[in-house]
Amino acid sequence: MAEQFGFKVLATDGKARRGEVSMPRGTIRTPAFMPVGTAGTVKAMYLDQVRALGSDIILGNTYHLMLRPGAERVARLGGLHEFARWPHPILTDSGGFQVMSLAKLRKLNENGVTFRSHIDGAAYEMSPERSIEIQGLLGSDIQMQLDECVALPGEEKDIERAMELSLRWAERCKTAFGDQPGRAMFGIVQGGDKRHLRVRSAQALKAMELKGYAVGGLAVGEPQAVMLDMLEATCPELPADKPRYLMGVGTPDDILKSVARGIDMFDCVMPTRAGRHGLAYTRRGKVNLRNARHADDPRPLDEESNCPAARDYSRAYLHHLVRSQEALGAMLLTWNNLAYYQSLMGQIRDAIEAGAFVERAALISQEWARGDIPAL
């Protein structure tokens with residue numbers, strides 16, 4: 001394990017990159033998918049299961065952990081790694097997404113954000129400095145700057161104002177982060193769906209010489225084509241020797257297309273949330289286990305999968321669990337979904353190393369397009 005934070009590109013295939021992020025708590029193989037552990041847990045999963053599926057890193061949420069159990073409490077209990085029994089790298093977001101998603105519960109100004117807790121209405125102040133302080137108390141390995149994310153579509157003047165504010169907050173976060181050996185702070189490119197604003201944001205962040213760069217404010221209501229266009233404008237402006245993280249993305253197809261444009265890291269609640277609602281991701285595409293067609297089907301989700309949830313349980317049983325709202329249904333389908341996502345990332349990494357990413361991506365997409373096996 002490395003004593004310092006570092007990143008190296010091991011292979012490229014077009015703009016797709018195979019690399020490694022190294023730090024004291026372990027190595028992250030990229031392209032990487034980071035399961036979301038919002039409140040110190042990846043919902044419906046044991047963390048040793050998450051690790052066994054191939055996850056090198058998980059994500060925690062600064063806003064939610066600030067509210068409960070509280071960052072100071074987590075610090076007293078040994079930090080988030082000890083608290084959750086996950087000794088590997090953890091990335092924490094900054095609370096910036098909640099600036100958008102909880103817009104009715106917050107007030108924003110130059111200094112930061114004042115939240116009203118969605119739990120009990122209590123007021124909390126989140127400045128860039130406090131966001132970094134909380135992430136430090138949690139013991140996060142990769143800490144994100146506080147930013148303002150604007151929902152799309154939006155007015156250009158609002159997008160530009162938020163982008164400029166986010167740049168000022170990035171400078172403050174960099175100062176607050178200081179020198180933390182073995183850890184990193186990433187800046188976040190904003191600019192909505194405006195190419196020129198994305199380029200300005202990326203260039204200004206690059207000048208700050210940060211350890212990594214994220215692309216934020218996408219997958220917030222815009223079509224996929226717009227998201228990909230923003231990546232095509234942004235990625236060339238970011239340093240080639242630093243990791244690039246696309247926040248909150250996404251579907252397997254989003255991941256394939258974003259890797260092709262130079263993205264290294266992803267996170268999304270989609271596989272875990274879908275699992276809790278009866279939806280499975282498989283190499284044949286999405287399978288809705290709520291559908292009555294599965295009620296008498298003894299076949300597994302995927303007989304070729306290495307995941308027991310996909311290979312060893314019948315569709316009929318999974319259908320029964322989902323329709324009965326049994327907790328085991330959510331557990332098995334979340335297990336399946338995260339296994340599929342990690343399998344997909346492994347295929348992507350192998351294909352880039354072999355110089356066959358375009359061909360492999362086409363085969364994966366063709367299999368999705370063929371769809372699920374016919375009903376009995």
Side-chain angles (χ1 to χ4, degrees), residues 23-25 34-48 50-51 55 57-109 111-149 166 169-170 172-178 180-186 188 214 216 247-248 267 269 272-273 276:
M23 63 187 73
R25 284 197 171 96
M34 302 180 285
V36 176
T38 300
T41 172
V42 176
K43 288 181 171 62
M45 293 286 288
Y46 297 108
L47 286 182
D48 54 357
V50 175
R51 179 65 174 177
S55 300
I57 180 172
I58 61 172
L59 182 144
N61 184 278
T62 296
Y63 167 80
H64 289 284
L65 290 166
M66 173 185 72
L67 297 187
R68 59 185 179 194
E72 283 76 11
R73 176 172 289 160
V74 172
R76 289 195 301 271
L77 293 167
L80 190 55
H81 298 82
E82 178 70 21
F83 191 51
R85 298 187 68 251
W86 175 267
H88 316 291
I90 293 176
L91 180 149
T92 45
D93 66 7
S94 64
F97 181 76
Q98 282 71 35
V99 173
M100 179 190 74
S101 65
L102 300 177
K104 295 180 180 178
L105 301 174
R106 57 84 168 161
K107 294 181 179 179
L108 182 146
N109 58 35
N111 186 58
V113 189
T114 300
F115 289 99
R116 286 286 174 184
S117 166
H118 69 283
I119 300 168
D120 59 10
Y124 291 81
E125 292 186 1
M126 179 84 83
S127 65
E129 294 78 10
R130 176 58 176 160
S131 174
I132 293 297
E133 180 186 20
I134 291 171
Q135 294 179 75
L137 288 166
L138 296 173
S140 170
D141 302 285
I142 300 177
Q143 303 173 25
M144 304 304 299
Q145 72 151 104
L146 185 66
D147 63 329
E148 183 185 358
C149 177
S166 295
W169 283 0
R172 290 168 58 186
C173 285
K174 179 184 177 182
T175 300
F177 180 82
Q180 298 185 32
R183 296 180 178 177
M185 191 210 87
F186 284 17
I188 303 176
M247 304 182 75
D267 82 281
V269 299
T272 48
R273 180 176 290 166
R276 298 195 304 277

With a 4.5 Å heavy-atom cut-off, do Asp141 and Ile57 have their side chains touching?
no
Using 0.5 Å steps for rounding, measure from the CE atom of Met247 to the CG atom of Leu91.
7.0 Å
Nearest 0.5 angstrom please: Arg76 CZ to Phe83 CZ, how far?
10.5 Å
Separation between CE of Met126 and CG of Asn111, rounded to the nearest 0.5 Å:
12.5 Å
Do Arg130 and Glu72 meet the salt-bridge criterion of a basic N to acidic O distance under 4.0 Å?
yes
If only atom types and distance count, is the side chain of Ser94 paired as donor or acceptor with the main-chain N or O of Ser131 below 3.5 Å?
no
Between Glu82 and Gly78, the two heavy atoms sitting closest are CB-O, 3.6 Å
In short, Leu65 meets Thr38 closest at the heavy-atom pair CG-O, 3.8 Å
From Met185 atom CE to Ile132 atom CD1, the distance as rounded to the nearest 0.5 Å:
6.0 Å
Would you indicate whether the side-chain heavy atoms of Met45 and Pro35 approach each other to under 4.5 Å?
no
Contact check, side chains of Val42 and Thr272, non-hydrogen atoms, under 4.5 Å:
yes
Should Arg273 and Val36 count as side-chain neighbours, where that means a heavy-atom distance under 4.5 Å?
no
Flag side-chain contact, heavy atom, 4.5 Å: Pro69 against Val74:
yes
For Cys173 and Pro128, which heavy atoms make the closest approach, and how far apart are they?
SG-CB, 3.6 Å
Rounded to the nearest 0.5 Å, the OG atom of Ser55 sits from the CG atom of Leu47 at a distance of 9.5 Å
Which value, rounded to the nearest 0.5 Å, describes the distance between Thr92 atom OG1 and Met66 atom CE?
13.0 Å
Check the pair Trp169 / Val113 against side-chain contact (heavy atoms from CB on, under 4.5 Å), numbers first and verdict last.
CA-CA 11 Å; Trp169 283 0; Val113 189; 3.9 Å; yes
Give a yes or no answer on whether the side chain of Gln135 reaches the backbone of Thr62 with a donor-acceptor pair at less than 3.5 Å.
no
Donor-acceptor contact below 3.5 Å, side chain His81 vs main chain Pro89:
no
Taking Gln145 for its side chain and Ser166 for its backbone only, find out whether a donor-acceptor pair lies under 3.5 Å.
yes
